[in-house]
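In this text the structure is predicted, and so the values were computed from the model without any measurement.
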Amino acid sequence: GGAAGPPRAMATRLEDVVVSPNDKRDYRALTLERNGLRVMLVSDPDTDKSAASMCVYTGSWSDGAIPGLAHFCEHMCFMGTAKYPDVNEYSAYLNAHGGMSNAFTTDVNTNYFFDVSPDHLLGALDRFAQFFISPLFDDASTDKEIQAVDSEHSKNKQNDVWREMELLRKAVNPKHPMSRFSTGTAETLRTEPESRGINMRETLLKFHAKYYSSNLMSLVVYGREPCDALEATVIEYFSAIEDRGATDIEAEIEVAPFIEEMLPKALYQIPVTEARKVSALWSLPSVWREVYKKPLQYYSHLFGHEGAGSLLSYLKKKGWANGIVAGTYQNHVDYAVFVVEVECTPEGMAARDDILESIFSYAEMLRKAGPQEWIHEETKKLKHAEFEFLQKSEPMHYVMNLSSKAFRVPFPEAIKCDWLVGDFDAALLERLGACLTPDKFVAFISSPEFEFELTDELPYYGGLYQVRDVDAALRSRWAAPAVIPELRLPDLNPFLTDDFSLVPPPVGLPAIKKVHPNANVPHHVHDDGLIDVFYKHADTFKVPKGSINLRLRSHVVLSSPAAQMSADLLVEMLKEALIEIGYQAMCANLSYEITSGRSGVTISMSGFSQKLPVLLNAVLEKLTAEETLTATEENLNTFRRLKESAIRDLKNTNFDQPYQFCFNERNVAFIQPFWTYAQKLRGIESLTLEDVAFFRRGLLRGVRALLLVHGNFGLCHVNGIVGAVRERIFAPAPAP
C-alpha cells in the first residue's frame, strides 16, 4: 500500500457503489484501462480478514466434447503458475497467514475466492492473479487432479441432489449444453480423451486462452487498506490478464433448452435415501433482466407459503405432505426454470397425480385472483428495511457473492440489486402466471418404491430411473384442475415491523463487567427461583433488531432414550402447530428455532425487535395449549408422519459420512447418559401421542426458565417478556 497517491491513469472509476445507509465501509467500482477488467474494492479498516474473489463468466456449458473440462480447469489453476511454479505455493502462503481458499464451477460461472490475515493481502493477491495470467497446467499435476475430480464425483454419486440434476437432463434438448454431464470423472477426463488422441494439457491451455479473458471476469477485493492503495495493488497485479474479446457461452447458444416436442415429461427415480418427492418444474420466459421487479420471488412466496389457505396447509391436512419448497431453479439470459417441490408422505406418493393437480389448481386460483399489489408491497417494504439496516457478513462469502453480480447488473449496483424491489408490474406477473400449465412442464417423482419397475440406469451416477410421457387424460385433467375451496391467498402479516426506532439504553443499571475489549456480560436482572433473567441492551450497530432466548430446563429429558425422543417429538409437534404463525413470522424476517437438547427445550428468536415478544407469546401459547397434543384425527396423522420421519432419519444415519458416525460414538463413550442411534430407535418405536402429552406435563411440572433478552429492548420490554413467560409456563395448572 504505502503512501501512493490516487492512481487515476490506469483505471476508470465507475459511479458510486450504492450501499446500505448502515454500511460505513468505503467502496469503489472501476475498470482497468489495459484490459477492461471489472473491479470492486471494499476498504474496511476494522476487518479481521481480508478476502478476494474472481468470477469468470464461463462454466460447464463451455466444456464442449470433454465433460468436466471447466471443472478440471478450475482444479488445475491451483497447480502452480509461471511466476510461482510450486504447486503448493498459494495454499501454503494462505495457510501460513490464517487464510483459506476454494473455488466452484457452475453451468456459466467459475468462482475463485480466498481469505487471509489483513497484513498479507498483497502477497495473496499476487499469487492469486497468476491463476488468470499464466497457469502451468503441469503434466505432473494432471493425473493427481483428475483423481481429485473423480473422488469429488464418487462422493456426489451418493447424493440425491446431484442425481436429480443428472436426471433432469433427460428432459432437456440434447443439443443444449444443459443436457450434458458436467462435473467430470477419470473416464471423461483421461480414458476417453486418451482413446481419441487428445492431449489434456494442450486442451486446458486452449480452454483457458479462449474463456479466461478479462472481458469475462470480475474481481472483488476486500481489505483494511484505503481504496487508493487497493486500486494501486489491483492495477499492478491484474492488468496483465489478457483481454481476448471472448464471447460468453450464453451468447453462443442458439437452441432452447426445453422444446415442445419433448414436453411434458414425467421423470421417475429411486433415491439413495428414504426421501419421497413430487416436483413440478416449468420452463419460463427469461426474467434475467428483471433484477428489481423480482417476479419469480412473488410466485416463490405464494407457492411456498405455509400459512392458512396455502398449498402446503391443504396437502398436510390430506396427510400427503411434510414440506414444500418453491423457487427459481435456474435463471439464465434466455430462459428461467421455476420449481415447486413437495416432500411427500407414503400416502402422498400414492396420490401423486392428485398432488400435481393441487399444484395446478393453486396456479389457476392465482390466475383468477390476478396479481396482488399488496403482496408485492409487503416484500418491497421488508426488503427495503433489511437493506436500510444491512449488517456485515463474513468477508470471503461477501466477495464471492458480489463478484458474481457483475454480469447481471452494472457493478455499482451489485449490493443493492438483491435487496431493492422496484414497482409492481401486473402484466409481467400475468405473463409468467399464464405459463404455469401442464404444457412446458416436467414432473419429477422420487421414491424408494413404485408400483412399476424402473429399468434404466442413470449414467455416471448409477441408480434406477425412468422417463415417461404424461398421458393425455392426465394432461387434460391438470389443464382444467378441480377447484379446491381451501386454497386461497394468504392473510395480511401480523408480524410486519412498522416501528424501526432505536430504544435508548437503560438508566440506573450498574455498569457491567467487561470480559473482553469488545464484549460485555449481560446484566442479571431477575431471579425468583423459577425464571432467571439476563438482559443486554445493544446499540453498537444502530439497528432495531434483537434476540430472545428462552431455555426451559428439566432433568426429565435425560431419564431414558424414550424421554429424549419424546422431547424431540414434542418439539416437532410444536413446530407443526406453529407452521402457519411461524411462516408469517419468517416472511416478516423474524427467525425462530425450537430445539430439544440434553437440558430441556430451547426457544430462540431474532430479527426486528418490535414484534419479537408477540412471536414469543404465540410460541408459548402453542407449547402449553392442550389442543397441540389432543388426540384429534389431524394431530394423530401429524404425529404418525413425524414419528415415521424421525425413525427414517435414525435409520438414515447408516448412510452418514464416517466422521459423523464417529462424533456420535465419541459422545456415547464420554458423555453420560448419551444414547446411541439404536437406543433412540428402540425408544421411539412404541411412543404414542398420549406418551408425548404425558412427557410434556412432566417437563412443565419441574421446569426452570433461563431467559436472555438482547438487542433493541428496554427494561420495560424485558419485564413484559418475563410476565408472558410466567403467565404461560408457571400459571397454576388447571385441575385434571
Can you list everything that forms a salt bridge (Lys or Arg N to Asp or Glu O under 4.0 Å) with D138? Sequence neighbours excluded, please.
none
Report yes or no: is the cationic atom of R38 (NZ for Lys, CZ for Arg) closer than 6.0 Å to the six-membered ring centre of F411, at no more than 45° off its axis?
no
Checking S286 side chain against H332 main chain: does a donor-acceptor pair fall under 3.5 Å?
yes
Specify whether W61 and Y335 have parallel, tilted or perpendicular ring planes, treating 30° as the upper limit for parallel and 60° as the lower limit for perpendicular.
parallel
Indicate whether the side chain of T110 and that of E74 have a donor and an acceptor atom separated by less than 3.5 Å.
no
Side-chain touch F258/M178, heavy atoms, less than 4.5 angstrom
yes
Counting N and O atoms only, with roles assigned by atom type, does the side chain of Q269 sit under 3.5 Å from a partner on the main chain of P271, one being a donor and the other an acceptor?
no
With sequence neighbours excluded, tell me which residues meet side chain to side chain contact (heavy atoms under 4.5 Å, CB included) with A326.
F303, F338, V340
How about CD on E252, more than 12 heavy atoms from neighbouring residues, nucleotides or ligands closer than 6.0 Å, or not?
yes
Would a distance-only check, ignoring hydrogens and angles, find a side-chain to backbone donor-acceptor pair under 3.5 Å from S214 to G36?
no
Under 3.5 Å, is there a donor-acceptor pair linking the side chains of E250 and Y57?
yes
Give a yes or no answer on whether the side chain of N109 reaches the backbone of N111 with a donor-acceptor pair at less than 3.5 Å.
no
Is it true that the NZ or CZ of R169 lies under 6.0 Å from the centre of Y461's six-membered ring and within 45 degrees of the ring axis?
no
